[in-house]
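These figures come from a predicted structure and were not determined experimentally.
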Number of protein chains: 2
Amino acid sequence: MPTETFFNLPEEKRERILNAAIDEFSQQSIKNSSVSKIIKNAGIPRGSFYQYFSDIKDFYKYILNIIGDKKLKYLYYVMGNLDNLGTLEIIGELYISGIKFAKDNPKLAAIGNKFLKESDEVKKEFLGELEGKSNDFFYQILKKGQEKGDISEDVDIETAAFMFFNMNIAMVDDFIKGLSIGGELVGIDAFLDKADKILYIIGNGIKKR
Amino acid sequence: MPTETFFNLPEEKRERILNAAIDEFSQQSIKNSSVSKIIKNAGIPRGSFYQYFSDIKDFYKYILNIIGDKKLKYLYYVMGNLDNLGTLEIIGELYISGIKFAKDNPKLAAIGNKFLKESDEVKKEFLGELEGKSNDFFYQILKKGQEKGDISEDVDIETAAFMFFNMNIAMVDDFIKGLSIGGELVGIDAFLDKADKILYIIGNGIKKR
DNA sequence: CAATAATATGACATCGGTGTCATATTGTAT
DNA sequence: ATACAATATGACACCGATGTCATATTATTG
């Protein structure tokens with residue numbers, strides 16, 4: 001956690017530092033990120049950085065929390081309707097939420113996606129007890145779906161969860177890459193469409209007939 | 001390319017250096033790999049390294065070529081039977097070949113997979129003209145499959161190619177992770193099975209009925 | 001054997017990064 | 001105004017990496 005001092009900073013300065021770090025972490029893995037670049041871009045002296053954070057990991061952890069909080073807001077709708085929606089609808093909403101989050105917060109999404117791809121070791125270091133493998137969530141949804149009769153019994157839901165999880169990452173990656181190359185070259189609609197197509201294929205592959 | 005001197009080296013030494021580099025590149029991205037670690041593990045002096053390679057990228061490029069050559073051998077069967085096999089069979093064979101290659105050459109597969117995930121920039125740097133986006137191959141196969149009537153016209157084959165490509169990477173990653181954690185904890189059969197299940201789902205999702 | 005070519009070696013200059021600390025500056029309370 | 005606390009600052013010691021180069025060793029050849 002950042003020190004009290006950091007939170008006492010005038011908003012403008014705090015934001016400047018935060019943005020510099022977000023820039024850095026969205027381009028570099030935590031391992032390759034450097035304090036030097038952050039302070040240079042934020043325009044603060046080296047000593048100050050260590051007045052605010054114990055080290056760069058401390059800062060990273062803090063930003064990871066911000067991302068978690070912010071992303072959660074995009075999931076309110078699905079989370080509140082897990083019982084009303086069909087299994088494939090739920091997953092569809094999860095995908096859509098992820099893309100919208102990425103559209104509104106491209107750098108944060110980039111950091112989050114980078115983090116998801118870190119090794120379990122690194123994840124554990126920052127999340128504490130690696131709270132459930134990341135694709136557990138899809139697994140639970142699919143399991144319920146199979147019980148509800150939405151999903152064919154022929155389908156191995158662990159595999160399906162693996163697929164949804166990895167396609168989600170691949171998609172968001174792709175989206176972010178599109179954003180950073182062409183600015184608005186490929187709009188969000190193209191990606192929502194792509195998500196749709198992916199879901200159509202997997203959905204078609206796993207649904208009960 | 002390595003220098004003549006490198007190729008003149010006694011086999012034992014050459015192999016030692018090669019293996020040290022393979023170890024390094026399979027754990028680290030090229031960006032994070034260091035000459036220092038390679039020479040330390042190979043037990044050669046610093047100056048020698050630069051007698052053999054212009055720099056670490058030179059060495060990396062060379063190993064990338066070795067990987068390409070070696071992997072190609074695993075694809076002989078499919079490549080020779082593109083016309084006799086059904087579209088989903090072809091893709092299945094590609095997956096199987098990839099897993100077998102990874103089983104026989106786990107470190108090389110790790111390097112290859114890491115490379116596939118590099119940015120286009122990096123890829124271009126090492127491949128020259130980024131010879132066709134990597135998922136082009138699946139695209140061509142699927143396109144032919146659609147013409148042959150194997151694949152439903154409802155399916156967007158670009159999306160399907162995207163899926164096959166990314167699932168392939170995710171699978172091999174998973175396989176390698178399993179290998180390095182438990183030695184032989186999860187055997188190759190479990191993975192061939194997983195590949196099967198993935199193909200069943202996507203296949204079921206895209207095939208013509 | 002002598003001379004020349006090929007190869008080996010590690011000390012070195014240089015760079016970019018980290019975290020600390022003594023000191024300077026600013027803010028606050030009496 | 002003074003004293004005390006909070007904050008700011010950048011020089012510094014230290015680390016690990018890169019690529020080079022003068023020198024040493026070994027091989028080859030006439």
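- Closest approach of G205(A) to V155(A), counting heavy atoms only: O-CG2, 4.0 Å.
- The rotation axes computed at either terminus of the helix from dC1(C)-dG30(D) to dT30(C)-dA1(D) lie 10° apart, taking five pairs at each end and rounding to 10 degrees.
- Note that K123(B) lies outside the cation-pi zone of F115(B), set by a 6.0 Å cut-off to the ring centre and a 45° limit from the axis.
- Residue pairs meeting the salt bridge (charged side-chain N to carboxylate O under 4.0 Å, His left out) criterion with at least one member in residues 11-26 of chain B, sequence neighbours excluded, are E12(B)-R16(B), D23(B)-K107(B), E24(B)-K37(B).
- Between D174(B) and K194(B) there is a salt bridge, since a side-chain N of the basic residue sits under 4.0 Å from a carboxylate O of the acidic one.
- Rounded to whole Å, the distance from NZ on K40(B) to P on dG16(D) is 10 Å.
- Residues satisfying the side chain to side chain donor-acceptor pair (under 3.5 Å) criterion with N84(A), sequence neighbours excluded, are N81(A).
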Produce the list of close N/O pairs, under 3.5 Å, pairing protein atoms with atoms of nucleotides 3-8 of chain C; give distances to one decimal.
from, atom 1, to, atom 2, distance (Å)
dT7(C), OP1, N8(B), ND2, 3.1
dT7(C), OP2, T5(B), OG1, 3.0
dA8(C), OP2, Y52(B), OH, 2.8
dA8(C), N7, Q51(B), OE1, 3.0

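- Remark: Y76(B) pairs with no residue by the ring-ring contact (aromatic ring centres under 6.0 Å, His included) rule, at least two apart or across chains.
- For the side chain to side chain donor-acceptor pair (under 3.5 Å) condition, no pair includes a residue of residues 63-73 of chain A, sequence neighbours left out.
- Contacts of Y95(B) classified as ring-ring contact (aromatic ring centres under 6.0 Å, His included), with partners at least two apart in sequence or in another chain: none.
- Around the NZ atom of K100(A), the shell of radius 6.0 Å holds no more than 12 heavy atoms that belong to other residues, nucleotides or ligands.
- When the ring-ring contact (aromatic ring centres under 6.0 Å, His included) test is applied to Y60(A), the partners found at least two apart in sequence or on another chain are F25(A), F126(A).
- Taking atom CZ of F49(A) as the reference point, atom P of dT7(D) lies 17 Å away to the nearest angstrom.
- Remark: F53(A) pairs with F6(A), F49(A), F59(A) by the ring-ring contact (aromatic ring centres under 6.0 Å, His included) rule, at least two apart or across chains.
- A heavy-atom distance below 4.5 Å is not found between the side chains of N204(B) and N204(A).
- Listed in residue order, the members of residues 18-31 of chain A having a heavy atom less than 4.0 Å from DNA chain D come to none.
- Per the geometry, CD1 belonging to I17(A) stands 13 Å off P belonging to dT7(D), to the nearest Å.
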Reading nucleotides 18-27 of chain D 5' to 3', which nucleotides get B (base under 4.0 Å from a protein heavy atom), which S (sugar-phosphate only), which -? BBB-------
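- Each salt bridge (charged side-chain N to carboxylate O under 4.0 Å, His left out) pair with one or both residues in residues 156-168 of chain B, not counting sequence neighbours, appears once here: K197(A)-D156(B).
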